[in-house]
Amino acid sequence: MAADERERGARLGAFQEFAQSAKAWPFEEARKVIARLGDAPRGVVFETGYGPSGLPHIGTFGEVARTTMVRNAFIALTGGTIPTRLIAFSDDMDGLRKVPGNLPNQAMLGEYLGRSLTEVPDPFGTHESFAHHNNARLRGFLDSFGFEYEFMSATEAYRSGRFDEALLATLRAYDDVMAIMLPTLGAERQATYSPFLPIHPKTRIVCQVPIIARDVEAGTITWTDEAGETFETPVTGGAAKLQWKPDWAMRWTALGVDYEMAGKDLIDSVRQSSRICKAIGGRPPEGFNYELFLDENGEKISKSRGNGLSVEEWLDYASPESLALFMYQKPKTAKRLFFDVIPKAVDEYYSFAGKYADEAPEKKIENPVWHISGAAETAATVPIAFAMLLNLVSASNAQERSVLWGFISRYAPDATPETEPELDKLVTHALTYYRDFVLPSKVYRPATDVERTALLELSERLKGMDGASAEAIQDEVYAVGKAHFPVLREWFGALYQVLLGQEQGPRFGSFVALYGVEETRTMIAEALARDAAA
RNA sequence: GCGCCUGUAGCUCAGCUGGUAGAGCAUCCGACUUUUAAUCGGACGGUCAGGGGUUCGAGUCCCCUCGGGCGUACCA
């Protein structure tokens, strides 16, 4: 066992005393695992599954993040004395059913329909196969969050013989497996169903064909392909794979999986796989059904529809920790996952993080940060809220870090990117938010003749005022307004609408001081030129 | 039909092991600014869907009703 795992065990295990009475859901889940161990302590296996026919998505993240939280809770409860593993299993022997429309080399992929994903060439040409490509993406994805896991490829597991024993057990229990599966299937599917999917020796296609005979002694199945040719194929060594639900059951058995969670949509599947698992002599893992994510309109998020938020989108606007917090909170509630939940998640995270460092261990363990960070000593915080930053960035028309930091310094006087690196990350996110949400909604109004005259005069007066104070600049702005407008409000409104393309804006003197005098003059010139062009 | 989730202030939601309801936003008022916005302070605002039950006491546990939502063929 690696040193970092020992360290992890010690770090989490230090909370053993307080973990006993902890009631957050990861602890409740971990207790189920402990209960199943009984009096025979042994290593414990957590599993998460992944289908490599597409890229990892927010559900994948959620599942690994949540499973890791249960694992951490388990380590804490057991004082780090019991080894744990988290297997990220990729079902990459599965056949390619259809060509995803968003990939290059569509024609080439079409020729490999039905083949195992590990035997389909990589349409991007960067990896050994399509599955290898997606597997690499999964690992990169998980690594970027710092998850600790063991990657496992179904293809490798099948071919290595690791599954052989459980596969033979499945063959022996064939009738039982069929008895479990058939009642759950439609009539036409019943006619052709087989738990075993032989790989065609010639075409390499993963075949969905009826089994016409089986030989338990020899460990083979006999079947006929579409052309009428009959084959006898071993169920072992990767010559055949299992249908999904039997596959899950076999995998649990072969790997000794103790815990695996799944989405609510898989409740029935888990039930059937569990029955099969028992039928082949295994013990189904402890489980947990988390709720699905909904989009803004309350509809289920799906990869194919592309509704809701992706991990990438979340990370454009906020931190991984805030996403982890979202996953931690209320896993059994169907939550809407769309942009509006992000600022709240960010600020809640920092709120928890702010308390965390000074909390006593018995309080720490009740803090979501404990689960998110894996019992870290402390957590970085931020002096001002993200919600405020988002207001600030749109109110101030800040398109650059330096301008936004200028405004920030009015609220957190001593803050700089160097002293507040965590805040600097939020600044980046706020600017992205500005670019994506504020900027597109800008509408620049042409200046009236009076406004044009006033703006030109302002530009003249500002000339040479570099380095002047916000107050001095504001005096000039005020003077120009007084000279041309009976109602001063109209002058300021014009500044925002003509120059910044928004109804409201920052106090103008302060804005110019931060934005730059020359830059402001350029802005005026550009605005007037825009009018001329229109 | 079955299963699960959900119904708390105008909106989005918190309310852990039961003790006479909270936050953010919105709205309104005020402070600060030689305009606003932002910021800060305050106010307004809920018979906790409805009805029973357990309890000294329930948003918080149990039952029922009503409303909203999702899953439930195949594929994974």
Pair A:T118-A:D92, side-chain donor/acceptor within less than 3.5 Å: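 There is no such pair between these side chains.
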Under a 3.5 Å cutoff, is there a donor and acceptor pairing between the side chains of A:Y50 and A:E63?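 A:E63 and A:Y50 do not have a side-chain donor-acceptor pair below 3.5 Å.
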Under the 6.0 Å and 45° cation-pi test, does A:R66 pair with A:F288?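 Not satisfied by the 6.0 Å and 45° rule.
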[atom1]-based separation of [M] from [N] [nearest Å]:
{"N": "B:G53", "M": "B:A21", "atom1": "C1'", "result": "23 Å"}
{"N": "B:A49", "M": "B:G10", "atom1": "P", "result": "13 Å"}
{"N": "B:U20", "M": "B:C70", "atom1": "C1'", "result": "36 Å"}

Base, sugar-phosphate, or nothing for [X], non-hydrogen atoms under 4.0 angstrom?
{"X": "A:Q243", "result": "sugar-phosphate"}
{"X": "A:Q474", "result": "base"}
{"X": "A:F407", "result": "nothing"}
{"X": "A:L266", "result": "base"}
{"X": "A:R507", "result": "base"}
{"X": "A:K332", "result": "sugar-phosphate"}
{"X": "A:T184", "result": "sugar-phosphate"}
{"X": "A:D340", "result": "nothing"}

So does A:R445 have more than 12 non-hydrogen atoms from other groups sitting under 6.0 Å from CZ?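 Above 12, so yes.
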Is it true that atom CD of A:E457 has more than 12 heavy atoms of other residues, nucleotides or ligands lying nearer than 6.0 Å?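 Yes - once you tally the heavy atoms of other residues, nucleotides and ligands closer than 6.0 Å, there are more than 12.
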Should [X] be listed as having a side-chain N or O under 4.0 Å from OP1 or OP2 of [N]?
{"X": "A:N391", "N": "B:U39", "answer": "yes"}
{"X": "A:K330", "N": "B:U6", "answer": "no"}
{"X": "A:T333", "N": "B:C5", "answer": "no"}
{"X": "A:R336", "N": "B:G69", "answer": "no"}

Could you check A:E47, A:E286, A:E29, A:K32 and say which one makes a side-chain hydrogen bond (donor to acceptor under 3.5 Å, both in side chains) with A:Y259?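 When A:E47, A:E286, A:E29, A:K32 are each tested with A:Y259, the side-chain hydrogen bond (donor to acceptor under 3.5 Å, both in side chains) holds only for A:E29.
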Parallel, tilted or perpendicular, judged at 30° and 60°: which one describes the rings of A:Y515 and A:F511?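 Ring orientation, 0 to 90° scale: parallel.
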Candidates B:U72, B:U36, B:A76 - which lies nearest the side chain of A:D94: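 Within the option list, the nearest is B:A76.
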From the set B:C70, B:A38, B:U6, return the single nucleotide nearest to any side-chain atom of A:L292.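 Within the option list, the nearest is B:C70.
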Take A:E291 and A:L488, find for each the nucleotide of RNA chain B with the closest heavy atom, and name the residue whose nucleotide sits nearer the 5' end.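 Result of the comparison: A:E291.
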Identify all stems in which RNA chain B takes part, counting only runs of at least 3 consecutive pairs (Watson-Crick or G-U wobble, each distance under 3.5 Å), and give each as one range with another, ordered by first number.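 If one scans RNA chain B for consecutive Watson-Crick or G-U pairs, the stems found are B:1-7 with B:66-72, B:10-13 with B:22-25, B:27-31 with B:39-43, B:49-53 with B:61-65.
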